[in-house]
Engineer: 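Dumping the structure here so I can ask a few things about it.
The sequence lines fix the lettering, A, B, ..., with proteins before strands; numbering per chain opens at 1.
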Protein chains: 2
Amino acid sequence: MKKTDGILHHKGEAHTADPMDRKLLGQLVGDATLSYAELGQRVGLSAPAAHERVKRLRQRGAIKSVSTLIDPASVEKSLLAFVHVDTTGWGKTPTLLAISQYPEVEEIHSVAGDACMLLKVRTNGTQALEHLLAQLYATPGVKATRSYVVLSTYLERPVQAETTQEWPVIDFTRQQADAKNLL
Amino acid sequence: MKKTDGILHHKGEAHTADPMDRKLLGQLVGDATLSYAELGQRVGLSAPAAHERVKRLRQRGAIKSVSTLIDPASVEKSLLAFVHVDTTGWGKTPTLLAISQYPEVEEIHSVAGDACMLLKVRTNGTQALEHLLAQLYATPGVKATRSYVVLSTYLERPVQAETTQEWPVIDFTRQQADAKNLL
DNA sequence: CTTGAAAGTCCTCATTT
DNA sequence: AAATGAGGACTTTCAAG
């Protein structure tokens, strides 16, 4: 091993992708069917080089899976809802996690705020949602739920590789000046 | 054009996938890198037959895209949050939709309930979230926001092809009987 | 990391049931 | 609508610079 050739010299810390890796990930998130030839061309790399980097990204776990994104309507899941779940005690309840068995449940998070758990569920109509809620209420420790039914979705996409680098710098000095002027 | 080769002969109605299509979609959601040979084998079809059906699923729009799912940590998006946005008037505000420009914003829905809009955002830390919220507040018509910061994620997956067929039948008769016994 | 080439696999077509 | 079999295109992957 002559040079530092870049695999886990950083003692177990979570690897963050370098700029070239991000370009690769960005392309692959947009279209995972790209050949390594075209992928490499888009980011300015040869096919073997692109392949090598992608292979490493897979090994590191940066690439979790390659999935087909389907239209919910085609599988009769017209109703999308976010469900806030209040639990007694601490929501570590493994019983609650059992609802991940239902393919209608897409996300389960524990959140800070006035809800303990947050679920994203997609069902075939309101009746199926009701049954899901019934399951929740039947779960020990579930105190209450609040459902937010989605009327229309304007954007829904997987985790993007891009990051906003330069957030607008808020000029507090100026704002304070403005505030003084308002007094 | 000899035969009906399958583009929109069904007058615009929303196609729902038949059982075989659902099996195909189920496999492809789990792993989009399957060859048609293996895909067909898993669902009990030959490779060309599988290909034919998948091609039709693409044409119908049942398959929206094939995407690489990446680990948020690898691209420095450690913070996940759901943001409820209250808007004055009706939240049709195209101005609000402009925030879809930020790759940190993954979902935008209009919802029923006490929030008008619901956002799913994934940022690099709290400061980036703050900047995003600042953008929201700078948007005309945005009255208030409530953020639910995710502490840990137990489940997060794309739209599943499977549907729970037989929801537990709630025996209200029995429950009413039980209720009477409790009186 | 790039170029070039070989090996392997997959897609796709036509034919048949 | 689906299965079989063969042709051809493509990709992956190795080697060398």
Engineer: Do I108(A) and S100(A) come close enough that some side-chain heavy atom pair is under 4.5 Å?
Structural biologist: yes
Engineer: Where the side chain of A49(A) is concerned, which of dC11(C), dC1(C), dA3(D) is the nearest nucleotide?
Structural biologist: dC1(C)
Engineer: Who passes salt bridge (charged side-chain N to carboxylate O under 4.0 Å, His left out) against D31(A), sequence neighbours left out?
Structural biologist: none
Engineer: Side chain of P48(A) only, heavy atoms from C-beta on: which candidate in dT2(C), dA3(D), dT12(D) is closest?
Structural biologist: dT2(C)
Engineer: Can you check the Y36(B) OH to dC11(C) P distance for me, whole Å?
Structural biologist: 6 Å
Engineer: From dC11(C), dA2(D), dT2(C), pick the nucleotide closest to the side chain of S35(B)?
Structural biologist: dC11(C)
Engineer: Could you point out which residue of E104(B), E107(B), E76(B), E106(B) forms a salt bridge (Lys or Arg N to Asp or Glu O under 4.0 Å) with R122(B)?
Structural biologist: E106(B)
Engineer: May I ask you to evaluate whether R53(A) reaches the phosphate of dC1(C), defined as a side-chain N or O under 4.0 Å from OP1 or OP2?
Structural biologist: yes
Engineer: Using heavy atoms and a sub-4.0 Å distance, could you list which residues of residues 39-46 of chain A are near DNA chain C? By number, please.
Structural biologist: G44(A), L45(A), S46(A)
Engineer: Counting only N and O atoms by type, is there a donor-acceptor contact under 3.5 Å from the side chain of K77(B) to the main-chain atoms of Q160(A)?
Structural biologist: yes
Engineer: Can you tell me the distance, in whole Å, between the CD atom of E52(A) and the P atom of dC1(C)?
Structural biologist: 8 Å
Engineer: Could you give the CE-to-P distance, from M20(A) to dT2(C), as a whole number of Å?
Structural biologist: 8 Å
Engineer: Is there a side-chain contact between V66(B) and L69(A) (heavy atoms, below 4.5 Å)?
Structural biologist: no
Engineer: Once the angle between the rings of H84(B) and Y148(A) is folded into 0 to 90°, is it parallel (under 30°), tilted (30 to 60°) or perpendicular (over 60°)?
Structural biologist: perpendicular
